[in-house]
Amino acid sequence: MRLSSPPDLWTLLWIVLLFNAMGCIQSIRCKPKSFRDSIIVLEVNSSIDPNPTSIDESSSVVLRYRTPHFRACARVLVPPVASKETWTIGWIQACNHMEFYNTYGTKGMSSWELPDLRDGKIQAISDSDGVNYPWYGNTTETCTVAGPTKKDSKFTVSMNDNFYPSVTWGVPVSDSNVPQLSSIRRDQSFTTWLVAINQATSETLVLQTIRWRMRLHIKVDPENPLGERAVLNEPVTQEQPQILGKNEPIPSNAMVKPNANDAQVLMWRPKNGDPVVVIPPKY
């Protein structure tokens with residue numbers, strides 16, 4: 001006679017294993033995801049407008065120019081936030097490099113400089129609006145999600161940047177306004193981050209990193225009549241921004257005061273003699 005295991009024993013074992021498995025699956029399903037794991041960047045776009053830098057000679061005191069705009073836009077999805085926490089998502093920007101030289105024939109040149117960046121003391125400096133540190137701005141540039149929330153939060157954050165300076169026709173340390181400006185060169189590089197920051201803990205999540213650059217060279221003939229002096233030499237079209245496949249960390253200087261506008265100084269560097277501070281930093 002052939003003996004067999006009692007079917008009740010195998011059935012009981014199956015039931016125990018099944019309930020254990022279901023318990024594990026149920027616990028996985030019910031465990032809420034952290035904000036870090038749940039936030040989704042649906043789309044990121046970045047570009048520099050294709051139009052060339054425009055030149056304005058309407059003033060007898062200064063030459064003005066306007067560069068094309070850099071633009072960045074992201075669509076973000078935040079699933080329901082279970083806990084009582086508040087996150088701000090938006091754009092942070094820092095300047096990594098700046099060359100800004102205005103040459104006045106054989107007299108010398110003026111230059112806008114960021115001393116700590118120029119001397120290698122820091123790798124980057126905040127390009128915040130100077131009010132809403134560390135954010136680039138606080139209108140279209142950021143969005144705040146306050147938990148707990150029951151529904152998905154879907155939104156767009158966008159920013160743009162360009163240069164629109166004035167450069168004196170005459171030597172900036174002279175009382176005379178005799179036109180002597182002969183060349184303008186500018187080369188600046190920036191890193192722009194899409195970031196989420198916890199307002200209570202300051203936990204910072206870098207969601208996307210963009211690098212971009214703006215260059216220009218304007219030739220000026222001060223002997224020509226006003227309106228016919230300046231010509232854009234290069235470039236006609238700017239390099240397009242790079243959306244990086246691997247995010248870069250944000251340097252600490254990019255998160256705090258001072259920003260680039262407050263830290264910059266206007267120097268006069270004559271062909272002969274010592275440099276002179278024309279406009280000191282604001283901070």
Side-chain angles (χ1 to χ4, degrees), residues 33-49 67-96 122-149 151-164 188-214 240-263:
K33 283 186 177 181
S34 67
F35 188 91
R36 177 187 291 271
D37 295 328
S38 63
I39 187 170
I40 301 169
V41 179
L42 300 172
E43 184 181 10
V44 177
N45 293 303
S46 183
S47 63
I48 294 179
D49 293 347
T67 66
H69 281 83
F70 160 81
R71 303 181 191 275
C73 181
R75 290 196 304 121
V76 180
L77 172 66
V78 178
V81 179
S83 56
K84 189 178 180 180
E85 55 184 1
T86 301
W87 290 80
T88 299
I89 301 93
W91 296 103
I92 294 173
Q93 182 164 281
C95 177
N96 311 103
I122 57 175
Q123 293 182 329
I125 189 166
S126 168
D127 199 28
S128 165
D129 63 1
V131 178
N132 301 287
Y133 286 94
W135 305 108
Y136 182 77
N138 196 31
T139 51
T140 64
E141 296 87 357
T142 61
C143 183
T144 298
V145 177
T149 57
K151 297 181 179 179
D152 290 351
S153 301
K154 188 184 292 186
F155 51 87
T156 298
V157 284
S158 62
M159 63 162 287
N160 66 78
D161 190 11
N162 79 324
F163 309 149
Y164 184 41
Q188 279 186 255
S189 299
F190 299 85
T191 305
T192 308
W193 295 270
L194 179 64
V195 180
I197 297 180
N198 186 306
Q199 290 191 359
T201 66
S202 296
E203 180 183 359
T204 301
L205 310 177
V206 176
L207 307 173
Q208 193 70 65
T209 308
I210 300 171
R211 281 187 168 272
W212 63 281
R213 179 184 185 188
M214 191 77 76
Q240 288 301 306
Q242 291 180 300
I243 300 176
L244 303 187
K246 183 179 179 181
N247 283 320
E248 295 183 352
I250 306 175
S252 58
N253 295 90
M255 302 289 285
V256 296
K257 297 179 180 181
N259 68 350
N261 282 343
D262 287 347

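Values in this document were obtained by computation on a predicted structure and should not be read as measured data.
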Could you pull out all residues at least two apart from T139 that satisfy side chain to side chain contact (heavy atoms under 4.5 Å, CB included)? E141
Of all residues at least two apart in sequence or in a different chain, which pass the salt bridge (Lys or Arg N to Asp or Glu O under 4.0 Å) check with R71? D49
Quick one: which residue pairs count as a salt bridge (Lys or Arg N to Asp or Glu O under 4.0 Å) with a foot in residues 189-205, not counting sequence neighbours? R36-E203
First locate atom CG of N45, then atom CD1 of I243, and finally report the distance between them rounded to the nearest 0.5 Å. 6.5 Å
Which pair of heavy atoms, one from N162 and one from P68, lies closest together, and at what distance? CB-O, 3.4 Å
Any chance you could measure T204, atom OG1, to I250, atom CD1, to the nearest 0.5 Å? 6.5 Å
With sequence neighbours excluded, residues passing salt bridge (Lys or Arg N to Asp or Glu O under 4.0 Å) with E248: R211
With no hydrogens and no angle check, is any side-chain donor or acceptor of T86 less than 3.5 Å from a backbone partner on Q199? no
Worked check of side-chain contact (heavy atoms from CB on, under 4.5 Å) between M159 and T140: CA-CA 7 Å; M159 63 162 287; T140 64; 5.7 Å; no
To the closest 0.5 Å, what do you measure between CD (Q240) and OG (S46)? 8.0 Å
Could you tell me which non-hydrogen atom of A74 sits nearest to which non-hydrogen atom of V44, and how far apart they are? CB-CG2, 4.1 Å
Are S126 and V256 packed together at the side-chain level, in the sense that at least one heavy-atom pair is separated by less than 4.5 angstrom? no
Looking only at heavy atoms, the pair that brings A196 and I39 closest together is CB-CD1, 4.3 Å
Rounded to the nearest 0.5 Å, what's the gap from CZ on F155 to CZ on R75? Could you check? 11.5 Å
Between CG on residue N198 and CH2 on residue W87, distance to nearest 0.5 Å: 4.5 Å
For V157, does its backbone N or O pair with a side-chain atom of W91 as donor and acceptor, under 3.5 Å? yes
Kindly write out the residues that satisfy ring pair (Phe, Tyr, Trp, His ring centres under 6.0 Å) with Y136, not counting sequence neighbours, or none if the list is empty. none
Would a 4.5 Å heavy-atom cut-off, applied to side chains only, mark P148 and V81 as touching? no
Note, V41 side chain near L194 side chain (heavy atom, < 4.5 Å): yes
I125 to P258 - nearest heavy-atom pair and separation: CG1-O, 3.6 Å
Between L77 and S153, is there a side-chain heavy-atom distance shorter than 4.5 Å? no
Given D161 and T192, is the side-chain contact (heavy atoms from CB on, under 4.5 Å) satisfied, shown in steps? CA-CA 11 Å; D161 190 11; T192 308; over 6 Å; no
Within the structure provided, determine whether K151 and T149 are in side-chain contact (heavy-atom separation under 4.5 Å). no
How about CD on Q208, more than 12 heavy atoms from neighbouring residues, nucleotides or ligands closer than 6.0 Å, or not? yes
Verify, without hydrogens or angle tests, whether N247 (side chain) and V206 (backbone) share a donor-acceptor contact under 3.5 angstrom. yes
Between P134 and I197, is there a side-chain heavy-atom distance shorter than 4.5 Å? yes
Could you name each residue pair satisfying side chain to side chain donor-acceptor pair (under 3.5 Å) that touches residues 249-259, not counting sequence neighbours? none
For T191 and Q123: C-alpha separation, side-chain torsions, deciding distance, then whether side-chain contact (heavy atoms from CB on, under 4.5 Å) applies. CA-CA 11 Å; T191 305; Q123 293 182 329; over 6 Å; no
Least distance between heavy atoms, F190 atom then N96 atom: C-OD1, 3.1 Å
Is a side-chain donor or acceptor of N132 paired with a backbone partner of W135 at a separation under 3.5 angstrom? no
For the residue pair C95 and Q188, what are the closest heavy atoms and their distance? SG-NE2, 3.8 Å
Ring geometry between W212 and F70 (parallel below 30°, tilted from 30 to 60°, perpendicular above 60°): parallel
